[in-house]
Amino acid sequence: MKLETKNISVTIAGKSILQNVSVNFPEGKRIAIIGANGAGKSTLLKVLAALNSDYQGEVLLGGENIRNLSRKKIARSLAVMPQTMQAPPDITVERLIDYGRFPYRGIFSGSNPKEDKAATDWAIKVVKLEDFKNRQVISLSGGERQRARIAMALAQKPQIILFDEPTTYLDIAHQLEVMQIIRLINEKFGMTAIMVLHDINHVIEYADEVVVIKNAGIFAQGNPKKILNENLLAEVFGVKAEIFTNSAGKNIVFPVSTLENYSSSRF
């Protein structure tokens, strides 16, 4: 399903956060959104997810203006994995993931228990939490909780998943685990993954396309291996970086220092 924005503008407390942002997110791809802190990345993601309606312009989901769609209709096509999520302390992993089935339940139409159970079991299997499904979420490690959140989004059976900084607070091993799961669900199940990321090396390794935000607008968009060069990193993040090729033939970004004329006001 196609997702795109047309001339999205957002103003918060008199400050322009996004201005006339038009982006076409390729179907079936992994797209990263990057930019300095405060650039508007998470704001854009909330607009895409219909979690922020205070904007000008249009968000089109499958060609339809998202403002005209019900919450449940949106959720059947698009899932969101926020940075953090509050859950009851005694809830089990299986029950949390079952919450992802809410788009298919109604006051009058009820639900299909067999379909719900099959979708929940499938999502648990994809993220490899079979041995944890009866555990309380509060007892899980940070990486395990993140996998449970991904599974809850998967249980919606969406065509698009939005990830807001999915590796935040995770150690290196769990960061790689999460990024590999995102790659898996994209490549194996064809779901479009739109990710707000901070780690440039994750962008290069796991994204097919990158959208770069600066000065409330789109600074660049394209193949990360081609457009994420030293000049762009200096202009967008104010850092001097070196890009080299490792033993596996992959590009690695190594930040050397901030630029002398770099202003902290960018953050």
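Worth knowing before you read on, the calculation uses all heavy atoms, side chains too, and leaves out hydrogens, waters and symmetry mates.
Checking side-chain atoms of Gln156 against main-chain N and O of Ala75 turns up a donor-acceptor pair under 3.5 Å. In terms of modelled atom types and a separation under 3.5 Å, the side chain of Arg67 and the main chain of Glu58 share no donor-acceptor contact. Side-chain atoms of Lys41 do not come within 3.5 Å of backbone N or O of Val196 as any donor-acceptor pair. Here the side chain of Asn186 pairs a donor or acceptor atom with the backbone of Met191 at under 3.5 angstrom. Checked by atom type and distance alone, the side chain of Lys225 pairs as donor or acceptor with a backbone atom of Ile204 at under 3.5 Å. A donor-acceptor pair under 3.5 Å links the side-chain atoms of Asn246 to the main chain of Lys250, judged by distance alone. Counting only distance, with no hydrogens or angles, the side chain of Ser70 and the backbone of Lys73 share a donor-acceptor pair below 3.5 Å. In this structure, Ser139 contributes its side chain and Arg135 its backbone to no donor-acceptor pair below 3.5 Å.
Between Arg101 and Asp98 there is no salt bridge, since no side-chain nitrogen of the basic residue lies less than 4.0 Å from a carboxylate oxygen of the acidic one. Ion pairing between a basic and an acidic side chain is recognised when a charged N comes within 4.0 Å of a carboxylate O; Glu230 and Lys240 show no such pairing. Remark: Lys125 does not engage Asp121 in a salt bridge, criterion side-chain N to carboxylate O under 4.0 Å.
With rounding to the nearest 0.5 angstrom, the CZ atom of Arg95 is 14.5 Å from the NZ atom of Lys133. Between the OG atom of Ser53 and the NZ atom of Lys46 there is a distance of 12.5 Å, given to the nearest 0.5 Å. Going from atom CD1 of Ile74 over to atom CG of Asn68 covers 9.5 Å, rounded to the nearest 0.5 Å. In this structure, CG in Asn251 is found 9.5 Å from CG in Leu228, a value given to the nearest 0.5 Å. Taking CZ from Arg149 and CG from Leu96, the interatomic distance works out to 8.5 Å, rounded to the nearest 0.5 Å. One distance of note links CD of Gln180 with CD of Gln175; it measures 11.5 Å at 0.5 Å rounding.
Judged by the 6.0 Å and 45° rule, Lys157 forms a cation-pi pair with Trp122.
In the hydrophobic cluster analysis, where Ile, Leu, Val, Met, Phe, Trp and Tyr join through side-chain heavy atoms closer than 4.5 angstrom, Tyr206 is grouped together with Val212. Placement of Leu154 and Met81 within a single hydrophobic cluster is found when ILVMFWY residues are connected by side-chain heavy-atom separations under 4.5 Å, directly or transitively. When the side chains of ILVMFWY residues are joined at heavy-atom separations under 4.5 Å, either directly or via intervening members, Ile200 and Leu170 end up in a single hydrophobic cluster. Cluster membership check: Ile138 does not share its hydrophobic cluster with Met152, using side-chain heavy-atom separations under 4.5 Å among Ile, Leu, Val, Met, Phe, Trp and Tyr. Ile218 is not connected to Val236 by any chain of hydrophobic side-chain contacts under 4.5 Å among Ile, Leu, Val, Met, Phe, Trp and Tyr, and they are in different clusters.
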Going through the checks in order, is the side-chain contact (heavy atoms from CB on, under 4.5 Å) test met by Ile150 and Phe163? CA-CA 9 Å; Ile150 294 174; Phe163 297 89; 4.2 Å; yes
Taking it one step at a time, do Thr192 and Gln159 satisfy side-chain contact (heavy atoms from CB on, under 4.5 Å)? CA-CA 6 Å; Thr192 301; Gln159 297 178 51; over 6 Å; no
Steps toward side-chain contact (heavy atoms from CB on, under 4.5 Å) verdict (Asn201, Ile252): CA-CA 6 Å; Asn201 289 311; Ile252 301 295; 3.8 Å; yes
Run the side-chain contact (heavy atoms from CB on, under 4.5 Å) test on Asp199 and Leu197 for me, step by step, so that the C-alpha distance in whole Å, both residues' side-chain angles and the decisive distance to 0.1 Å come before the verdict. CA-CA 6 Å; Asp199 191 317; Leu197 297 176; 5.9 Å; no
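Under the 4.5 Å side-chain criterion, counting only non-hydrogen atoms from C-beta, Val210 is in contact with Ile227. Side-chain contact between Ile182 and Met195 is present, with at least one heavy-atom pair separated by less than 4.5 Å. By the 4.5 Å heavy-atom criterion applied to side chains, Leu3 and Ile194 are counted as neighbours. Put simply, the side chain of Pro158 does not reach to within 4.5 Å of the side chain of Arg76, judged on heavy atoms. At least one side-chain heavy atom of Phe237 sits less than 4.5 Å from a side-chain heavy atom of Ile34. Between Leu61 and Lys2 there is no side-chain heavy-atom pair separated by less than 4.5 Å. In this structure the side chain of Leu48 reaches within 4.5 angstrom of the side chain of Leu162, judged on heavy atoms. When side chains are defined from C-beta on, Tyr99 counts as touching Ile91, because their heavy atoms get closer than 4.5 Å.
Counting all heavy atoms, side chain and backbone alike, Ala39 lies closest to Ile213 at O-CG2, 3.3 Å. Taking each heavy atom of Asn134 and Thr92 in turn, the nearest pair found is O-CG2, 3.9 Å. Across Gln146 and Glu165, no two heavy atoms sit closer than the pair NE2-O, 4.5 Å. The two residues Arg71 and Ala50 make their nearest non-hydrogen contact at NH1-O, 3.4 Å. Across all non-hydrogen atoms, the minimal contact from Ile124 to Glu130 is CG2-N, 3.6 Å. Shortest non-hydrogen contact noted between Leu44 and Ile33 is CD2-CD1, 4.1 Å.
Within a 6.0 Å radius of CG in Leu51, other residues, nucleotides and ligands contribute more than 12 heavy atoms. Within a 6.0 Å sphere centred on CZ of Phe189, other residues, nucleotides and ligands contribute more than 12 heavy atoms. For CZ of Phe254, the number of neighbouring non-hydrogen atoms (other residues, nucleotides, ligands) closer than 6.0 Å is 12 at most. Within 6.0 Å of CD on Gln83 lie more than 12 heavy atoms contributed by other residues, nucleotides or ligands.
Among residues two or more places apart in sequence or in another chain, the side chain to side chain contact (heavy atoms under 4.5 Å, CB included) test is passed with Glu187 by Arg30, Arg183. Qualifying side chain to side chain contact (heavy atoms under 4.5 Å, CB included) partners for Glu177, counting only residues two or more places apart in sequence or in other chains: Arg147, His174, Ile181.
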Just distance, no hydrogens or angles: give the donor-acceptor pairs under 3.5 Å from side chains in residues 10-29, sequence neighbours left out.
| from | atom 1 | to | atom 2 | distance (Å) |
| --- | --- | --- | --- | --- |
| Ser22 | OG | Asn7 | N | 2.9 |
| Ser22 | OG | Asn7 | OD1 | 3.4 |
| Glu27 | OE1 | Met1 | N | 3.0 |

